[in-house]
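For reference, the structure is listed below as C-alpha cells.
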Amino acid sequence: MTTIGSTFSYSPADQYAARRNSAVASETPDGSAATDRQPGKSHASAATASGANLSPVTVNFGGKLTTMLFQFLDMSKVTTAADMPEDVYRRIIEMRENDIEMSKRRLENQHTHYSRPSLHAGYDTYATVSEGGKVVATIDNQGHVTTYDGFDQKRLEALIMGLNVRSGPGLAKLLAEQIAAMTGGRVSQASTAITQRQFDALRPIESTVTVDRDAMKADPLYQEIQDMQAKLDEMKSIRQETQAQRDAGAASRFGS
C-alpha cells in the first residue's frame, strides 16, 4: 500500500511526458545515444507537423484515444555528450535532472510517516476506485491517494504532477475520476465525503512528519538515484572539458 499526497510541486505533466518521449537512448557514462526513439505502446503517425518537427501521436489512455504532438530528436549522428548540439544536450540534461528529482520525491514519500489527529474530516474517505471487484485506490477528503499492490505508481505521479487544483474534495473528485479512467474502474463516493465548502471551514490539520533517512539509504532506489546522478555529473564533466579544450584551441589559433 502506498499513499501519495497530491500537494507535491512537480513540473507540468505534459512537459515531462514530452521530455520522456523525446529521443534518449542507452545510459552510457559519456551520454552517448543509440537510437532516436524509445519503443512503446503508442502509435505515431508518419505525418510530421510542418516547420516544427512535431509528430502527432495517438495514445490509448484509460480507454480514450488522445492525440498529442511530440518532438523526436534525431540522434543518429550523435556519439557522445561532447558531440551533441547544444539544444539536444540541454534537453537531455533537463530530462535526466527531472528523472532524478522525481525519483528523490518518490523515495522520500515511501519513507515518510505522518503522526496526525485521528478525528478530522479531512482524513475521512472521499471515494474509492474499484476494478474487477477489487479496490485499487482510496482518496480522502484532502485529495491524498492510497493505492494498493499492483497499481502503477509512475502513472499516478504523472497524473498528480499535472494537476493545478487546491487540496480538498474538489481535488479528490478529480483524482478519483482520473484513476478510474486509468484503470477502467468505477468510482464509489463514501458516506464520509464532504463538500469543498465544508472542507474549507475545517480547522487546520496539525500533523508531525517524520522521514526515515536510514530506511531511505537502505532502499535500492537510493542507489539507483546515486548512479543516475553520477552518470549525469560525468556527462556534464565531459561536456565542460571538451568545451574548455575547444575554447583553448580557438584562443591559440587566434593568438597565432
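We're numbering straight along the sequence, starting at 1.
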Could you tell me if the side chain of [Y] sits less than 4.5 Å from the side chain of [X], heavy atoms only?
X	Y	result
L107	I225	yes
T112	V209	yes
K134	Y148	no
T128	V135	yes
I100	L232	yes

If you compare all heavy atoms of [X] against all heavy atoms of [Y], which two are closest, and at what distance to 0.1 Å?
X	Y	result
A137	I179	CB-CG2, 4.1 Å
A180	V129	CA-CG1, 3.8 Å
A127	V187	CB-CG1, 4.0 Å
F199	P169	CB-CD, 3.4 Å
A215	H111	CB-ND1, 3.5 Å
N141	A121	ND2-O, 2.8 Å

**Study point:** Y126/T192 under side-chain hydrogen bond (donor to acceptor under 3.5 Å, both in side chains): CA gap, chis, key distance, verdict
**Key:** CA-CA 6 Å; Y126 178 84; T192 50; over 6 Å; no
How many angstroms lie between [atom1] in [X] and [atom2] in [Y], if you round to the nearest 0.5 Å?
X	Y	atom1	atom2	value
I238	D233	CD1	CG	11.5 Å
E86	R91	CD	CZ	11.5 Å
M228	L221	CE	CG	8.5 Å
Y222	Q110	OH	CD	15.0 Å
D247	Q245	CG	CD	10.0 Å
M102	N109	CE	CG	11.0 Å

Review point. Where do Q223 and K217 land on the side-chain contact (heavy atoms from CB on, under 4.5 Å) test, with the steps shown first?
Key: CA-CA 8 Å; Q223 187 56 52; K217 292 181 179 179; over 6 Å; no
Regarding [X] and [Y], does a basic nitrogen lie under 4.0 Å from an acidic carboxylate oxygen?
X	Y	value
E234	R239	no
E108	K104	no
E177	K173	yes
E101	R96	no

Point to revise | CA sep, side-chain torsions, deciding dist, call: N98, E94, side-chain hydrogen bond (donor to acceptor under 3.5 Å, both in side chains) | key: CA-CA 6 Å; N98 285 342; E94 184 179 7; 4.7 Å; no
Check your understanding: Between the side chains of R105 and S103, does any donor sit under 3.5 Å from an acceptor?
Key ->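 Judged by distance alone, the side chains do not pair up.
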Exercise for review: Would you please say whether a donor-acceptor pair under 3.5 Å links the side chains of H113 and D212?
Suggested key: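 No donor-acceptor contact under 3.5 Å links the two side chains.
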Check your understanding: Should R166 and L171 be marked as a side-chain contact (heavy atoms from CB on, under 4.5 Å) after you check the CA-CA gap, both sets of side-chain angles, and the distance that decides it?
Key -> CA-CA 7 Å; R166 62 193 177 100; L171 175 60; over 6 Å; no
Check your understanding: Would you say L202 and Y123 are hydrophobically clustered, going by side-chain heavy atoms of ILVMFWY under 4.5 Å?
Key ->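 Not linked; separate clusters.
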Exercise for review: Would you kindly confirm whether L175 and V136 end up in one hydrophobic cluster when ILVMFWY residues are joined by side chain heavy atoms under 4.5 Å apart?
Suggested key: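 Same cluster: L175 reaches V136 through Ile, Leu, Val, Met, Phe, Trp or Tyr contacts under 4.5 Å.
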Practice item. Please indicate whether R246 has more than 12 foreign heavy atoms, meaning atoms of other residues, nucleotides or ligands, lying under 6.0 Å from its CZ. Key: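 Yes, because the 6.0 Å sphere around CZ of R246 holds more than 12 heavy atoms from other groups.
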Review point. So among Q198, R197, Q196, which one has a side chain to side chain donor-acceptor pair (under 3.5 Å) with D200?
Key: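 It is Q196; the other options fail the test.
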Exercise for review: Apply salt bridge (Lys or Arg N to Asp or Glu O under 4.0 Å) to R90 and E97, showing your working.
Suggested key: CA-CA 10 Å; R90 289 185 180 278; E97 287 175 341; over 6 Å; no
